[in-house]
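A, B, ... follow the sequence lines: proteins, then strands. Residue 1 opens every chain. Hydrogens, waters and symmetry mates are skipped; everything else that's a heavy atom, side chains included, is used.
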Amino acid sequence: MSTRLDETLRDLYADLEREARADPELVAALNTDRAVPAPSTRHARWAPLAAAAVTVGLIGTVAAVATWSGGTTGPTEGSATSSVPSQTEHGPIGSLPDEREWIENSQILAAHAQWEIVTFPDDERPRHDTVLSGSLTFRADHTMSVQVRGCGVVEGRYAFVTGDKQQRGDSRGDALVAEFPDRALVPECATAIEPGFGIEEPLSFAQLLEFLAAGHPFVGSDPRGDTQIGTGRSNRMAIAPSTSAEIEPADRTGGPVPDVLGLSPGDAEAALEAAGVPYQWNRALQTTGSAPSSEGTAGIVVAMTPEPGARLPTGERVQLWTLEELHNLPLTLD
Amino acid sequence: MGMRPQETAPSAASAQATHDSPSIEAYLAARGRALTGLALRLTLDRHDAADLVQDAVLRLLRNWDKALDAADTDAYVRRVLINEFMTKRRRRSATELVGLPAGSERSVEQGVRSLEDTVTDREHLRALLLTLAPRERAVLTLRFHDDLPFSEIAELLGVRVGTARSIVSRALARLQGRNTEEGTRDQ
């Protein structure tokens with residue numbers, strides 16, 4: 001063993017230790033309130049940014065009732081009902097069923113499904129010091145809105161974001177709806193979040209598919225404009241146009257999603273094909289709900305996960321949809 | 001968890017964790033900084049470290065009673081973090097392209113040369129460490145920062161003592177080997 005290497009290792013680790021202890025982000029990560037944030041706090045935190053935000057509402061009209069434990073910002077907003085009494089609306093994460101139970105019990109999954117739009121891609125996730133932020137709002141009528149907080153450069157690329165960015169915009173349940181690989185594709189960020197940008201209300205999921213098929217820049221900003229749909233071990237279903245090259249057909253067979261969501265990969269494929277939307281499978285969506293591509297990736301990712309705990313830091317208890325329900329899901333601009 | 005031996009001695013908070021069943025919040029307030037240190041030494045990236053800490057906190061929230069029941073709460077917590085790290089890295093390596101941060105490839109090249117010359121450039125060594133397997137990274141920091149005996153390292157990783165030794169040796173050899181390979185190529 002090299003003594004010098006040994007010494008350098010020790011010095012490096014000592015440096016890292018000091019760095020960690022002085023790093024406010026790392027210290028903040030210890031906060032259990034952050035792991036299960038109080039929705040009111042979250043909204044208050046982002047409230048100053050709301051004035052400049054365009055709100056994209058994603059209104060769930062699903063039959064299966066989700067348990068939502070946060071996002072209340074006013075008397076008209078609150079939690080949806082739950083068919084599982086043990087799931088308290090604001091309960092600590094420790095009160096949740098064991099992860100294995102979630103996986104094994106589809107009934108519990110149905111009641112505790114989470115809804116999230118995830119950052120895309122994961123490996124190039126935006127950092128918290130970007131201008132981008134957002135939050136999710138759930139209402140008593142089971143509707144939810146995703147607030148666009150802004151646009152700007154994310155890790156050297158242009159993007160705009162919706163959703164909860166509390167965690168700094170990574171795949172931890174945060175929301176990044178579109179990410180543009182090239183500024184030329186988004187001449188002005190401000191344009192990108194204007195109502196005329198592309199989404200008119202109401203936009204059903206079927207319309208969204210048409211939107212994708214048309215190669216609209218909102219969702220198809222990459223040159224290829226292809227679309228990915230993936231389901232997998234994290235029980236997510238996602239649709240995203242992307243330039244990701246991580247296509248592995250074998251992934252189609254992975255994961256318990258068909259049993260959990262009632263949505264088979266075949267169903268998803270059929271829906272896209274019926275809509276004339278080119279798509280590809282992205283293996284990364286199967287685990288993190290986001291893509292690994294190191295190349296510029298653009299897309300809208302709609303992900304659902306009953307994966308317990310994994311993305312609970314943002315506090316959302318969200319919705320589990322069937323494909324049919326997704327087709328009836330209107331997207332609106334507030 | 002990222003502590004020198006004198007720091008790993010049960011603190012008042014730790015003792016309380018065992019006997020008085022304090023909240024996880026109280027424990028983290030008293031001991032959490034060491035957790036962040038370990039996370040950064042494992043991930044070598046502050047953002048990944050923050051993620052890792054949050055993942056570990058989530059895990060602990062679910063299993064805090066087990067942590068309190070453990071013979072050594074500190075060791076339990078450290079094990080949770082390490083397991084999260086290795087699990088997370090395995091998951092990534094199985095499903096995603098794991099690349100070095102932008103520019104790191106060059107840093108590695110530079111790091112190799114630096115090792116050959118002086119072995120003093122910590123940033124380059126940091127880049128080199130990124131090329132190691134998660135378990136190798138874990139054992140190195142447990143050994144060279146925490147100064148843990150191989151028996152403890154083995155227990156934390158759930159391996160035999162001999163295996164822990166060989167992981168350390170292999171990790172060091174890999175670092176040195178890269179240096180040798182690079183030096184040969186340069187000739």
Distance-minimising heavy-atom pair for B:R33 and A:R21: NH1-O, 2.7 Å

Taking the side chain as every heavy atom from C-beta outward, state whether B:L140 and A:Y13 have any atom pair closer than 4.5 Å. yes

Would you name the heavy atoms of A:D23 and B:R46 that are closest together and state the gap between them? OD2-NE, 2.6 Å

Using side chain to side chain contact (heavy atoms under 4.5 Å, CB included), reason through A:L16 and B:T141 one step at a time and then give a plain yes or no. CA-CA 11 Å; A:L16 291 169; B:T141 192; over 6 Å; no

I'd like to know whether CZ of B:R79 has more than 12 heavy-atom contacts from other residues, nucleotides or ligands below 6.0 angstrom. yes

Is any side-chain heavy atom of B:L175 closer than 4.5 Å to a side-chain heavy atom of A:L5? yes

By side-chain contact (heavy atoms from CB on, under 4.5 Å), B:R165 pairs with (sequence neighbours left out) B:F150, B:V161

Of the listed B:L60, B:L40, B:L129, the one with the largest count of heavy-atom pairs under 4.5 Å with chain A is B:L40

CD/B:E136: more than 12 non-hydrogen atoms of other groups inside 6.0 Å: yes

Residues at least two apart in sequence or cross-chain that pass side chain to side chain donor-acceptor pair (under 3.5 Å) with B:T43, listed by chain then number, are none

Of all the heavy-atom pairs spanning A:A20 and B:G37, show the shortest one and how long it is. CB-CA, 3.5 Å

What pair of heavy atoms forms the shortest contact from A:L30 to B:L28, and how long is it? O-CD1, 3.4 Å

Side chain to side chain contact (heavy atoms under 4.5 Å, CB included) between B:D147 and A:R10: does it pass, once the steps are laid out? CA-CA 10 Å; B:D147 289 325; A:R10 290 180 186 279; 2.6 Å; yes

How long is the gap from CG on B:L38 to CD on A:E17, to the nearest 0.5 Å? 8.0 Å

Check this for me: does any side-chain nitrogen of one of B:R143 and A:D6 sit under 4.0 Å from a carboxylate oxygen of the other? no

So do the side chains of B:L125 and A:D11 get within less than 4.5 Å of each other, counting heavy atoms only? no

